[in-house]
Amino acid sequence: MAQSKIDWLKSTIRDIPDFPKPGIIFKDLTTLLNNAEAFAYVIDVLAAKYQPMQPAYIAGIEARGFIIGSALAYKMGTGFVPVRKPGKLPYQVERQSYQLEYGSDSVEVHVDAVPDGSTVVLVDDLLATGGTALAAYQLLGKVGANVVGIGFVTELSFLSGRCKLPANVDIFSMLSF
Ligand code: AMP
């Protein structure tokens, strides 16, 4: 991506200091999604990136990963798999828990979300510590997915989240802060 494009795309993201708690600078992507040109550009870049991998499914992490992931699935002509917060999916689920700074959280997916061995690309809006994406990756493996790539619009590189993610999987972020 050209530097001018990177600078432009970054300028469409809004920083919200001290949200949801003091000391966190929240990267608000609603302003990017709200910008038709920026939203389309993000999806076009991700589709071009993942086209050679020929995924059968795009998986997205609740909630902003649903927005990126479903637009990407439509663009690529694949199915979409929602990775959800606990208690939301109606059918039988597999669950993966992960540690937060204080306490733990988990993600769920339907047990029959993909046929065994399906090639899947996982997406979310932002990579911070990597805990959420790692849990989603492990979870998709439990239901038989072959996750070949994990993609983000934004990465907070000072948190080194990508070091937590599997070395044999392609990790991609469009923007780095
Ligand atoms: P992590 O598990 O620490 O990598 O956190 C990633 C998840 O939390 C993603 O689903 C993000 O949407 C969200 N998140 C974490 N930190 C931020 C931040 N500073 N700004 C926006 N979203 C964030």
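Remember, it's 1-based here, ligands and their atoms both numbered in the order they're listed. This chain uses plain numbering: 1 for the first residue, then up along the sequence. Keep in mind the model is a prediction, meaning the values are calculated, not measured.
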Consider every N or O of [X] and every N or O of ligand 1, then say whether any pair is closer than 3.5 Å.
X: Gly130; result: yes
X: Ala133; result: no
X: Tyr98; result: no
X: Ala128; result: yes

**OP:** Evaluate whether atom OH of Tyr74 has more than 12 neighbouring non-hydrogen atoms of other residues, nucleotides or ligands under 6.0 angstrom away.
**Re:** no
**OP:** Mark yes when over 12 heavy atoms from residues, nucleotides or ligands other than Ile24 sit less than 6.0 Å from its CD1; otherwise mark no.
**Re:** yes
Original post:
Hey, are the side chains of Thr154 and Leu127 touching, using non-hydrogen atoms and a 4.5 Å cut-off?
Top reply: no
By number and element, which atoms of ligand 1 are closer than 4.0 Å to a non-hydrogen atom of [X]?
X: Leu156; result: 19 (N)
X: Arg64; result: 11 (C), 12 (O), 13 (C), 22 (N)
X: Asp125; result: 9 (C), 10 (O), 11 (C), 12 (O)
X: Asp124; result: 9 (C), 10 (O)
X: Gly131; result: 2 (O), 4 (O)
X: Thr129; result: 1 (P), 2 (O), 3 (O), 4 (O)

Among all the protein's non-hydrogen atoms, which is closest to [atom], and how far away is it?
atom: atom 22 (N) of ligand 1; value: Phe26 CE1, 3.5 Å
atom: atom 19 (N) of ligand 1; value: Ile25 O, 3.0 Å
atom: atom 20 (N) of ligand 1; value: Lys27 N, 2.9 Å
atom: atom 17 (C) of ligand 1; value: Leu126 CD2, 3.5 Å

**OP:** Enter the distance from Phe172:CZ to Glu155:CD here, rounded to the nearest 0.5 Å.
**Re:** 10.5 Å
**OP:** Give a yes/no verdict on whether any heavy atom in Ile61 is under 4.0 Å from an atom of ligand 1.
**Re:** no
**OP:** Please check if a non-hydrogen protein atom sits closer than 4.0 Å to atom 8 (O) of ligand 1.
**Re:** no
**OP:** Ignoring hydrogens, just give me the one of Thr132, Leu100, Leu29 whose non-hydrogen atom is nearest atom 2 (O) of ligand 1.
**Re:** Thr132
Original post:
Run the side-chain hydrogen bond (donor to acceptor under 3.5 Å, both in side chains) check on Ser157 and Ser176 step by step: do they pass?
Top reply: CA-CA 6 Å; Ser157 40; Ser176 175; 2.9 Å; yes
Subject >> Asp124/Arg64 salt bridge by N-O under 4.0 Å criterion >> reply: no
Subject >> Residues Glu108, Lys88: salt bridge by 4.0 Å N-O rule >> reply: no
**OP:** Answer yes or no: is there a donor N or O on one side and an acceptor on the other, between the side chain of Thr31 and the main chain of Thr12, under 3.5 Å?
**Re:** yes
Subject >> Sidechain-backbone polar pair: Glu62 side chain, Lys85 backbone, donor-acceptor under 3.5 Å >> reply: yes
Original post:
Between Val42 and Leu9, does a side chain to side chain contact (heavy atoms under 4.5 Å, CB included) hold up when you go through it step by step?
Top reply: CA-CA 9 Å; Val42 163; Leu9 202 55; 4.0 Å; yes
**OP:** Heavy atoms only: give me the nearest Ile68-Ile43 pair and the separation to one decimal.
**Re:** O-CD1, 3.6 Å
